[in-house]
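Quick caveat, the model's predicted, so the values are computed rather than measured. Scope of the values below: all heavy atoms of this structure, side chains included, with no hydrogens, waters or symmetry mates.
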Amino acid sequence: MIALLCIPPKTQILPESFKQTFTLMLDDIQDPGNLGTIIRTADWFGFDRVICSPGTVEAYNPKVVQATMGSLARIDVMYDELVPLLRDAQIPIYGALLKGTSIYQTRFGREGIVVLGNEGNGLSDEVKKLVTHQVTIPRFGQAESLNVAVSAAIFCTKIREETEESNVREIKNGE
């Protein structure tokens, strides 16, 4: 089977576009399989877009395309410098870091940016400085690290769980 997709033109990302939603930002993700899995995961959980730093692997790399299993056609994958976007964002910025508040104790609310870092180096120092909420996925076993795509799935799960709980409360309260 063959599919022909047009690569969308680059559009400017406006700070107000971050309001009332969650956005995944990727800081120099290198592995095509990880990027493809993150895009597919974002699609599964209803995220509209993934913003990648220029150092992130190309979304149209054949291995990325294959790993998305079609989600690349439904998710806006954009490339831009993260620091200016984060600096102008006026919403919470959640950074996946080894030291921070447990994801199980973090309340994400209704909007925010989740920034995930490079497989070997984590978040760049410049991005780390702009994180307003340092969040960690606590380790209970002996593994040395957690795959960035798995981390993205855990963040997406937690965010959607809170969103669904909030929606149920609003319906019960007639809001």
Side-chain angles (χ1 to χ4, degrees), residues 7-61 63-65 67-68 71-72 74-101 103 106-137 145-160 163:
I7 296 175
K10 182 177 176 164
T11 57
Q12 183 179 8
I13 303 168
L14 302 173
E16 55 270 14
S17 70
F18 297 123
K19 296 283 187 185
Q20 300 300 310
T21 191
F22 278 91
T23 300
L24 293 179
M25 282 193 185
L26 308 178
D27 190 10
D28 290 353
I29 302 301
Q30 298 298 297
D31 182 83
N34 282 339
L35 178 57
T37 301
I38 291 168
I39 293 167
R40 185 176 175 189
T41 300
D43 187 18
W44 179 265
F45 284 99
F47 286 71
D48 294 329
R49 68 179 169 190
V50 174
I51 299 175
C52 304
S53 68
T56 296
V57 64
E58 173 58 45
Y60 296 96
N61 172 307
K63 290 181 181 179
V64 175
V65 173
T68 71
S71 292
L72 189 57
R74 291 182 292 275
I75 298 290
D76 287 332
V77 180
M78 307 164 113
Y79 285 79
D80 210 333
E81 295 292 339
L82 300 187
V83 170
L85 293 174
L86 292 170
R87 193 179 302 129
D88 292 343
Q90 296 179 2
I91 60 172
I93 300 167
Y94 301 92
L97 296 159
L98 290 176
K99 295 189 191 291
T101 303
I103 194 168
T106 301
R107 299 301 296 174
F108 287 93
R110 290 218 168 259
E111 62 186 5
I113 297 169
V114 175
V115 189
L116 300 160
N118 176 279
E119 294 90 343
N121 301 315
L123 295 177
S124 65
D125 290 337
E126 298 82 22
V127 168
K128 209 180 296 183
K129 289 176 190 173
L130 297 169
V131 168
T132 60
H133 298 77
Q134 296 183 8
V135 181
T136 189
I137 300 169
S145 63
L146 191 60
N147 178 282
V148 68
V150 172
S151 296
I154 293 169
F155 272 87
C156 290
T157 299
K158 181 73 163 87
I159 289 165
R160 284 300 169 227
T163 303

Out of curiosity, [X] [atom1] to [Y] [atom2], how far, rounded to the nearest 0.5 Å?
{"X": "Ile91", "Y": "Glu16", "atom1": "CD1", "atom2": "CD", "value": "11.5 Å"}
{"X": "Phe155", "Y": "Phe108", "atom1": "CZ", "atom2": "CZ", "value": "5.0 Å"}
{"X": "Thr56", "Y": "Asp80", "atom1": "OG1", "atom2": "CG", "value": "11.5 Å"}
{"X": "Ile75", "Y": "Asp48", "atom1": "CD1", "atom2": "CG", "value": "6.5 Å"}
{"X": "Phe18", "Y": "Asp88", "atom1": "CZ", "atom2": "CG", "value": "9.0 Å"}
{"X": "Ile29", "Y": "Cys52", "atom1": "CD1", "atom2": "SG", "value": "8.0 Å"}

Determine whether a donor-acceptor pair (N or O, by modelled atom type, separation under 3.5 Å) exists between the side chain of [X] and the backbone of [Y].
{"X": "Gln134", "Y": "Gly95", "result": "no"}
{"X": "Lys63", "Y": "Asp31", "result": "no"}
{"X": "Ser53", "Y": "Glu81", "result": "no"}
{"X": "Thr132", "Y": "Ile93", "result": "yes"}
{"X": "Gln30", "Y": "Asp28", "result": "yes"}
{"X": "Tyr79", "Y": "Ala59", "result": "yes"}
{"X": "Thr136", "Y": "Leu97", "result": "yes"}

Quiz prompt | Leu116 vs Asp27, side-chain contact (heavy atoms from CB on, under 4.5 Å): CA-CA, chis, key distance, verdict | solution = CA-CA 6 Å; Leu116 300 160; Asp27 190 10; over 6 Å; no

Residue pair [X] / [Y], side-chain heavy-atom distance below 4.5 Å:
{"X": "Glu119", "Y": "Val148", "answer": "yes"}
{"X": "Leu130", "Y": "Val83", "answer": "yes"}
{"X": "Met78", "Y": "Val50", "answer": "no"}
{"X": "Asp76", "Y": "Pro8", "answer": "no"}

Looking at every heavy atom in both [X] and [Y], which two are closest together, and how far apart are they?
{"X": "Val150", "Y": "Leu146", "value": "CG1-CD1, 3.9 Å"}
{"X": "Gly33", "Y": "Ala67", "value": "O-CB, 4.0 Å"}
{"X": "Lys158", "Y": "Thr106", "value": "NZ-O, 3.2 Å"}
{"X": "Ala149", "Y": "Ile38", "value": "CA-CG1, 3.7 Å"}
{"X": "Phe47", "Y": "Cys156", "value": "CE1-SG, 3.6 Å"}
{"X": "Ile113", "Y": "Ala89", "value": "CD1-CB, 3.7 Å"}

Quiz item: Pick one: which of Thr37, Asp43, Thr41 meets side-chain hydrogen bond (donor to acceptor under 3.5 Å, both in side chains) with Ser71?
Solution: Asp43

Practice problem: Taking atom types as modelled, find out whether Asn34 and Asn147 have a side-chain donor-acceptor pair closer than 3.5 angstrom. | Solution: yes

Self-check item: Check: Arg49/Ser17 side-chain N/O donor and acceptor closer than 3.5 Å
Solution: yes

Self-check item: Test log, rule side-chain contact (heavy atoms from CB on, under 4.5 Å), inputs Met25 and Tyr94
Solution: CA-CA 10 Å; Met25 282 193 185; Tyr94 301 92; over 6 Å; no

Quiz prompt | Derivation of the side-chain contact (heavy atoms from CB on, under 4.5 Å) call for Val114 and Thr23 | solution = CA-CA 6 Å; Val114 175; Thr23 300; over 6 Å; no

Quiz prompt | Val127 and Leu82: CA distance, side-chain angles, deciding distance, side-chain contact (heavy atoms from CB on, under 4.5 Å) verdict | solution = CA-CA 7 Å; Val127 168; Leu82 300 187; 4.2 Å; yes

